[in-house]
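Chain letters run A, B, ... following the sequence lines, proteins first, then strands; residues in each count from 1.
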2 protein chains.
Amino acid sequence: MMSNSTILNKSEGIPLYIQIRRTLREEINGQMLVPGQKLPSEDELAARFGVSRMTVRQGIADLIDEGLLYRRHGVGTFVALPHLERDHTRLTSFLESARQEGLEVAVHVLAAEVLPAKRKVALELKLEEGELVIRVKTLRFISGVPVTVHDAYIPYRQFPQLLQDDLQNRHLWDIYESYGFRVKRAVQRLEAREADEECAALLEVEEGFPILYKERTVYLDNGTPVEFTYCYNRGDRYRLTVVLNR
Amino acid sequence: MMSNSTILNKSEGIPLYIQIRRTLREEINGQMLVPGQKLPSEDELAARFGVSRMTVRQGIADLIDEGLLYRRHGVGTFVALPHLERDHTRLTSFLESARQEGLEVAVHVLAAEVLPAKRKVALELKLEEGELVIRVKTLRFISGVPVTVHDAYIPYRQFPQLLQDDLQNRHLWDIYESYGFRVKRAVQRLEAREADEECAALLEVEEGFPILYKERTVYLDNGTPVEFTYCYNRGDRYRLTVVLNR
DNA sequence: TTCGATGAGATGTGTAGACGTCTACATACT
DNA sequence: AGTATGTAGACGTCTACACATCTCATCGAA
């Protein structure tokens, strides 16, 4: 059962609804609340946490659209059946997700340069053709096997110092955040293709080998594009999982 | 500018926050509010709509995580720059999206049968191996070109009448809804592969041609799986777009 | 001129309560 | 037995208010 002694920290900076959300999430992950089980009613939770019912609802709301809980009007709030792949809609980087699965990951920088944007890159980044962009091209290995060629373009004007950063060990999105920009959304376009000569050589496969080709545009929360990337993944070593909602 | 005479229908069944959401969405789509523009403050909107501020916030919230608006703490709420591909995270079927783009779409049913579930299908649908499932295999054409082979498995117990439905013209998800089940979430796994013999023949390409291979599991809102599909897409005619958030 | 404090205005968080609607179940009536 | 009809409990919507926090422009002092 749920601990009755759950006490929120009302004085410090963390909003109560976030503490509630975290508490519930932990109780689900920790099996104190199991799939299918009905949560205490909102009134009851409000009393237990010592907050108002609206605050409880606010805490529950995020877990609902994360898919961890679901409501039945007039009946109650329940723990959803587990999805192993629940979180994959969220933006996570290649490095994060591979490392989370305990895989050995390595990144080699193939190119890091400033150059004028070509037509397609300029279009995606909403720049004029010829405006300067930073190009960061990398080859990524999992367990020693080359899996992905990454060719990223970033507006130079926005990150003039970017090439001074540790591109080998830090993820680009971390670097953006360190400049105060928060990545909010990414659009990915996926196709199946054959490996061309360069790609085949880098990924250590034959020409014509199946490649999962991906173009990605990354946006900030106000809709400004900050990165456009071409991405070539070895078909036999790379599987992309996507969760769609509603 | 925003119309001052916006009047909500307080007596009828539609919640105020939904009416507010709809009003704002229309004003954005109709260019009365343009990208980058600041909305009136929440207090102002509350006064204008004749509701409390919390209700305005509730109406705005959905538009925020749809990406149509964004907030800057202490500054205001703004219309986000347009994304052409804004809605692609939402679950839309192949038929819907192709038709929306004005393409000619056709579906041929290759197989419709009841059979015992194999291991992988049973696993994905959370059934015992050997339990009955319905198999619906289709070939889909866009503008007369075969683009996708779809091989879907549905628990027989849940939809015993399914094969009586018009599989050629109705989408499976519509059929589920007509039985009172609402599709809530889908997990897709994507790889690049080569076409095997059967697939090549159906899609009218050579063996070895690049194929975007997709496995998909579809869930209801309580987490019950209702459909597992193998999906083979011609690499040169099929491009999948995915939007990831946060 | 520059720097810092101040304050207005905006969003962020939280409360207490009211009333509506839906579901499930029990009870009473036919 | 079967069908209505309550009714309790749970979520759904909404209000009016209070205070916290953030941002930015402005004004004054160094």
For this session: Take the protein atom OH of A/Tyr70 and the nucleotide atom P of C/dC22, then report the distance between them rounded to whole Å.
Result: 20 Å
Exercise. Does the C/dT23 base have a donor-acceptor partner in the side chain of A/His73 within less than 3.5 Å?
Worked result: no
Exercise. How close or far is atom P of D/dC14 from atom CD of B/Glu42, stated in whole angstroms?
Worked result: 16 Å
Exercise. Under 4.0 Å between a side-chain N/O of B/Thr77 and OP1 or OP2 of C/dA10, yes or no?
Worked result: no
Exercise. Any chance CD of A/Glu113 has more than 12 other-residue heavy atoms, nucleotides or ligands included, within less than 6.0 Å?
Worked result: yes
Exercise. Just to confirm, is there a sub-4.0 Å distance from OP1 or OP2 of D/dT13 to any side-chain nitrogen or oxygen of B/Tyr17?
Worked result: yes
Exercise. Has the side chain of A/Gln168 got a donor or acceptor atom that lies under 3.5 Å from a matching backbone atom of A/Val107?
Worked result: yes
Problem set entry | Phosphate contact (C/dA10 OP1 or OP2) by B/Arg53 side-chain N/O below 4.0 Å | no
For this session: Kindly state which residues belonging to residues 54-61 of chain A come within less than 4.0 angstrom of DNA chain D, counting heavy atoms of the residue only, listed by number.
Result: A/Met54, A/Arg57
Exercise. Does a nitrogen or oxygen in the side chain of B/Arg71 sit under 4.0 Å from OP1 or OP2 of C/dG12?
Worked result: yes
Seminar exercise, completed: Between CG of A/Leu69 and P of D/dG12 the distance, given in whole Å, is 12 Å
Seminar exercise, completed: Rounded to whole Å, CD1 of B/Ile20 lies from C1' of D/dC14 at a distance of 10 Å
For this session: Round to a whole Å and report the spacing from CG of A/Leu16 to P of D/dT21.
Result: 12 Å
For this session: Establish, from distance only, whether the side-chain atoms of B/Glu215 and B/Thr217 form a donor-acceptor pair under 3.5 Å.
Result: no
Exercise. Roughly how many Å is it from CZ in B/Arg21 to P in D/dC14, rounded to a whole number?
Worked result: 11 Å
Exercise. Do B/Thr55 and B/Arg57 meet the criterion of a side-chain donor-acceptor pair at a distance under 3.5 Å?
Worked result: no
Problem set entry | Enclosure of B/Tyr156 OH (heavy-atom neighbours >12, cutoff 6.0 Å) | no
Seminar exercise, completed: To the nearest angstrom, the CZ-C1' distance between B/Phe78 and C/dT11 comes to 11 Å
Problem set entry | Validation row, ring centre A/Tyr153 to ring centre A/Phe228 under 6.0 Å | no
For this session: Evaluate whether atom OH of B/Tyr70 has more than 12 neighbouring non-hydrogen atoms of other residues, nucleotides or ligands under 6.0 angstrom away.
Result: yes
Exercise. For the pair made of CG in B/Leu45 and P in C/dG9, what is the distance, rounded to whole Å?
Worked result: 17 Å
